[in-house]
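Bear in mind that the values here come from a model prediction, so they are computed numbers and not experimental data. Note that the numbering runs from 1 along the sequence shown for the chain.
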Amino acid sequence: MTTRLDLRNLCRRRLGDLTAPYRWSDLQLNQWINDALAEASLAFPRRLQVQINTSAGVHAYDLPAGFQAVLAVFYPAGSAAPQALEHLASTEYDFYELPGRYDVLQAGACQVLLSDSPQDGESIQVDYLSDHAWLDDDGDACTLADALLELVTLFVRWASLQELASQEASDPNPGSIAISLLEAHAGRAEATYRQVVLRFQRATAESARVHWQMDRYDPIY
């Protein structure tokens with residue numbers, strides 16, 4: 001389990017900011033770590049599942065905070081053979097006339113909408129993609145896989161260089177090239193971050209592929 005404290009210590013080591021008084025405060029690093037997790041959520045969201053209890057006649061149910069997209073909806077979830085619902089836009093005129101359909105409403109709070117009319121005591125299972133959890137405390141566990149934590153350190157390095165460039169720009173010396181150099185360093189740090197994201201995405205796609213071939217058999221005449 002990698003905690004926020006572990007991540008902050010890792011980032012300090014990568015930044016070479018190991019001796020007090022630190023160049024970067026805990027508050028700054030904590031913010032950049034959460035910013036990094038928010039960015040990583042776009043490319044590597046969490047796969048989660050939630051069970052939602054239903055009420056008689058109620059078609060719409062709130063989805064958890066951090067929801068991005070539905071992977072599958074099953075109803076009634078507690079039955080021996082829960083049905084995988086099919087997606088259909090609720091704006092279709094016959095949505096409520098067709099059983100076994102669902103839609104996702106994203107105006108305001110995200111909700112899953114069933115064409116069926118549920119009963120009390122039933123439940124809906126929603127498999128979905130979600131943002132990674134925000135880390136509010138040093139003991140909070142990071143939900144990003146350990147194999148992807150390099151993204152956090154690279155993002156924090158990029159953010160720290162952007163901060164240095166901003167500080168220099170706020171009180172520039174007309175004869176100095178420091179601003180241009182810092183902005184160039186920040187640009188290279190961003191490019192490195194983007195390249196590693198793509199590398200991890202390709203690796204994830206490769207590992208998800210299933211290679212198969214038909215068993216050999218002797219023909220029957």
Side-chain angles (χ1 to χ4, degrees), residues 1-48 64-71 106 110 128-209:
M1 180 183 73
T2 302
T3 65
R4 187 179 74 174
L5 177 60
D6 296 329
L7 277 177
R8 193 171 66 242
N9 289 337
L10 176 61
C11 289
R12 285 202 184 282
R13 290 196 296 274
R14 292 296 181 87
L15 294 173
D17 191 21
L18 299 173
T19 305
Y22 298 122
R23 175 64 182 267
W24 307 114
S25 69
D26 286 353
L27 184 63
Q28 285 174 305
L29 292 181
N30 291 342
Q31 180 62 56
W32 291 338
I33 287 169
N34 279 321
D35 291 343
L37 293 175
E39 183 76 14
S41 294
L42 301 177
F44 304 98
R46 303 168 72 190
R47 290 175 174 263
L48 298 177
F67 165 83
Q68 289 187 11
V70 163
L71 297 174
Q106 297 191 349
C110 292
Y128 66 103
L129 298 178
S130 174
D131 296 340
H132 287 280
W134 186 274
L135 304 181
D136 291 315
D137 186 82
D138 278 355
D140 288 348
C142 178
T143 57
L144 187 67
D146 285 351
L148 300 175
L149 292 183
E150 183 181 357
L151 295 178
V152 176
T153 60
L154 290 174
F155 184 95
V156 170
R157 179 174 177 272
W158 170 25
S160 69
L161 289 169
Q162 284 183 315
E163 178 68 16
L164 288 174
S166 296
Q167 290 175 358
E168 183 69 19
S170 66
D171 187 21
N173 179 348
S176 173
I177 61 171
I179 297 176
S180 296
L181 287 175
L182 288 170
E183 289 178 345
H185 289 324
R188 285 194 289 270
E190 179 184 5
T192 300
Y193 172 82
R194 302 294 181 196
Q195 290 167 4
V196 173
V197 168
L198 290 175
R199 175 164 59 85
F200 284 160
Q201 286 179 318
R202 286 194 294 267
T204 301
E206 287 293 332
S207 66
R209 291 181 181 173

When rounded to the nearest 0.5 angstrom, what is the spacing between [atom1] in [X] and [atom2] in [Y]?
X	Y	atom1	atom2	result
Phe44	Leu151	CZ	CG	6.0 Å
Asn30	Arg4	CG	CZ	3.5 Å
Leu182	Glu163	CG	CD	11.0 Å
Thr143	Leu135	OG1	CG	7.0 Å
Leu10	Thr153	CG	OG1	5.5 Å
Leu161	Leu181	CG	CG	11.5 Å

Can you list the residues that meet the side-chain hydrogen bond (donor to acceptor under 3.5 Å, both in side chains) rule with [X], with sequence neighbours excluded?
X	result
Asp136	Trp134
Asn34	none
Gln195	none

So, His132 versus Ser41: side-chain donor-acceptor pair below 3.5 Å or not?
no
For the student: nearest non-hydrogen atoms of [X] and [Y], plus distance:
X	Y	answer
Ser130	Leu48	CB-CD1, 3.7 Å
Gln201	Ala43	NE2-CB, 3.5 Å
Ile33	Cys11	CG1-SG, 4.2 Å
Pro45	Gln68	CB-OE1, 3.4 Å
Cys142	Leu37	SG-CD2, 3.8 Å
Tyr128	Pro64	OH-CG, 3.4 Å

Identify, with sequence neighbours excluded, every residue that meets salt bridge (charged side-chain N to carboxylate O under 4.0 Å, His left out) alongside Asp6.
none
Holding to salt bridge (charged side-chain N to carboxylate O under 4.0 Å, His left out), I want the full list of residues that pass it with Glu39, two or more places apart in sequence or in another chain.
Arg194
So, using ring-ring contact (aromatic ring centres under 6.0 Å, His included) as the criterion, who are the partners of Trp158 when residues are at least two apart?
Phe155, Tyr193
Begin from the C-alpha positions of Arg47 and Leu71 and carry the test side-chain contact (heavy atoms from CB on, under 4.5 Å) through to its verdict.
CA-CA 9 Å; Arg47 290 175 174 263; Leu71 297 174; 3.4 Å; yes
For side-chain contact (heavy atoms from CB on, under 4.5 Å), just list the numbers for Asp26 and Arg12, CA-CA rounded to whole Å, side-chain angles, deciding distance to a tenth of an Å, and then say yes or no.
CA-CA 10 Å; Asp26 286 353; Arg12 285 202 184 282; 2.8 Å; yes
Find out whether Val156 and Arg14 are in side-chain contact, i.e. whether some heavy atom of one side chain is under 4.5 Å from a heavy atom of the other.
no
Could you walk me through whether Leu29 and Leu15 satisfy the side-chain contact (heavy atoms from CB on, under 4.5 Å) test, starting with their C-alpha distance in whole Å, then the side-chain angles of each, then the deciding distance to 0.1 Å, before giving a yes or no?
CA-CA 11 Å; Leu29 292 181; Leu15 294 173; 3.9 Å; yes
Side-chain ion pair, Arg8 and Asp17, N-O less than 4.0 Å:
no
More than 12 non-hydrogen atoms from neighbouring residues, nucleotides or ligands closer than 6.0 Å to CZ on Arg157, yes or no?
no
